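What follows is a single structure, written as structure tokens, with notes after it.
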Protein chains: 2
Amino acid sequence: MDDIPNIARVAALIGYPARATMLSALMDGRALTASELAALAGVTKQTASGHLAKLEEGGLIANVTQGRHKYFRLNGNDVATALEALMGVAATRSRTRTGPKDQTLRKARRCYDHLAGELGVFMHDRMLAKAWLTPKGEDIEFTVSGKSAMIAFGIDITSLATRRPTLVKPCLDWSMRRYHLCGSAAVGLLEQIIANGWASQQNDSRAITFTPKGEQCFREWLG
Amino acid sequence: MDDIPNIARVAALIGYPARATMLSALMDGRALTASELAALAGVTKQTASGHLAKLEEGGLIANVTQGRHKYFRLNGNDVATALEALMGVAATRSRTRTGPKDQTLRKARRCYDHLAGELGVFMHDRMLAKAWLTPKGEDIEFTVSGKSAMIAFGIDITSLATRRPTLVKPCLDWSMRRYHLCGSAAVGLLEQIIANGWASQQNDSRAITFTPKGEQCFREWLG
DNA sequence: TCCATAGTTCGGTGTGCAGCGTACCATTAT
DNA sequence: ATAATGGTACGCTGCACACCGAACTATGGA
């Protein structure tokens, strides 16, 4: 039963408004500085410093020090997955109706480093339907035509494959209850979507906002 | 940003040893009484009563009152999913090496109400390989031969389909990092496995222990 | 009817910990 | 040099809440 205290420890780290806010902010995949996180969470720098130290000791976040700045990021996709799972539970349990802000998050958002939400699920489904991806056991993998499509889209899939363990993998979406894509190729896809000017990300949110024209291009590309 | 307090609230409910122990105990899918949960968590009945009321108010558990007994169960598969995700994070972050108890859990255990662990993943993979299941978009579904196999195995798949929303669905396994099966058919499968005498469940653990012969039959059935 | 058991309510105690003020180091700018 | 900014260490205060003891209600059995 030694695993019980561990899960309690992890949950307790998340189970506090200030820390939960920080972690949620980091869900957008960017690395933020201690001061930024402090401002977001609405606490002083000292308090934030303490929280961040605890989160890091617990292995939930990691930091990169650059000069006098200390950038924090989520420590692994499994942390993001756990946070999304908790969001799913919280969302269905809360009586607060979905606001407008919630709507944009449902449509498209970052899940750590890849695209999630309605459009993320859409991309997943279409890439399977177009036979760019094919199921392989419990995972998925690129087909030959899928690899060509990635390269045509500007994603150097061969070099990506060597950099990170998983190229592409399904990831459960809390708002849709269906799968979207994660993995290094999914990271590249989101980067390219933004590079194309199809979408952009606000500074203070995980929401990915597609321009009308951008969404049209996106859907046509997958059409 | 109204979703932040919610996730913190849910996590805080889990983030306490007594409550985490109770929730973990309920992961085996059985409904337990307040006194049993109190004993498992190592607190008095009064304390447990308070915890259980909080968990219920938070929507994580639900109860069925039968006479003077009050049986508690997890309130939905998404709660189990979130708990598993937290276990995954906790497991990889903790320095404690996998003990013998851990080994049996890795081999086979209940995840809420269905089979998880090595053998659960094995069943998922084999049923796909045998073409009893086939991927359907992001989900999976039974093939004709799969349905026959289920009926032959003693699972009334047609009546199950009407009782619960999802018949069969992939569910991520924290120890294996791969998918096993959940859904009403998966519940039936585990029940039948136990009814066949292939495996049994200890009273105080989520572990499912297969008899040597039972495991052999299980593997042959899927062979 | 009386007793045993399951569970809850209430009041009180203790403690863990978030949050801040102050003071302090480290890095960059002037 | 001095100043400005990012981040940390320490001590303190206050509050939330876990936990228990005792008393209470409700169900079931003898």
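Each chain gets a letter, A, B and so on, in the order the sequences are listed, and its residues count up from 1. Note that the structure is a prediction, hence the values are computed from the model and not measured.
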> Can you name the closest pair of heavy atoms from Leu115(A) and Met123(A) and give their distance?
Replying inline: CD2-CE, 4.3 Å

> Do Thr47(A) side-chain atoms and Val43(A) backbone N/O form a donor-acceptor pair below 3.5 Å?
Replying inline: no

>> Could you work out, with salt bridge (Lys or Arg N to Asp or Glu O under 4.0 Å) as the rule, every residue matching Glu56(A), not counting sequence neighbours?
In response: none

> Ring centroid separation for Phe122(A) and Trp221(A), is it under 6.0 angstrom?
Replying inline: no

>> Checking side-chain polar atoms at under 3.5 Å, does Glu36(A) have a donor or acceptor matched by the opposite partner on Thr33(A)?
In response: yes

> Taking any atom under 4.0 angstrom from a heavy atom of chain B, which nucleotides of DNA chain C are the first and last to qualify, 5' to 3'?
Replying inline: dA4(C) to dT9(C)

> Under a 4.0 Å N-O cut-off, is there an ion pair linking Glu84(B) with Arg109(B)?
Replying inline: yes

> Who passes side chain to side chain donor-acceptor pair (under 3.5 Å) against Gln216(A), sequence neighbours left out?
Replying inline: Glu220(A)

>> Using the rule given for side chain to side chain contact (heavy atoms under 4.5 Å, CB included), can you reason through Leu74(A) versus Ile61(A), listing the C-alpha separation, both sets of side-chain angles and the distance that settles it, and then say yes or no?
In response: CA-CA 4 Å; Leu74(A) 286 194; Ile61(A) 61 175; 4.2 Å; yes

> Sequence neighbours excluded, which residues qualify as side-chain contact (heavy atoms from CB on, under 4.5 Å) partners of Ala11(B)?
Replying inline: Ile14(A), Leu86(A)

> What are the 5'-most and 3'-most nucleotides of DNA chain D lying under 4.0 Å from any heavy atom of chain B?
Replying inline: dA18(D) to dG28(D)

>> Treating Thr21(B) as the side-chain partner and Pro17(B) as the backbone partner, does any N or O pair qualify as donor plus acceptor under 3.5 Å?
In response: yes

> Residues from residues 44-53 of chain A sitting under 4.0 Å of DNA chain C, heavy atoms only?
Replying inline: Thr44(A), Gln46(A), Thr47(A), His51(A)

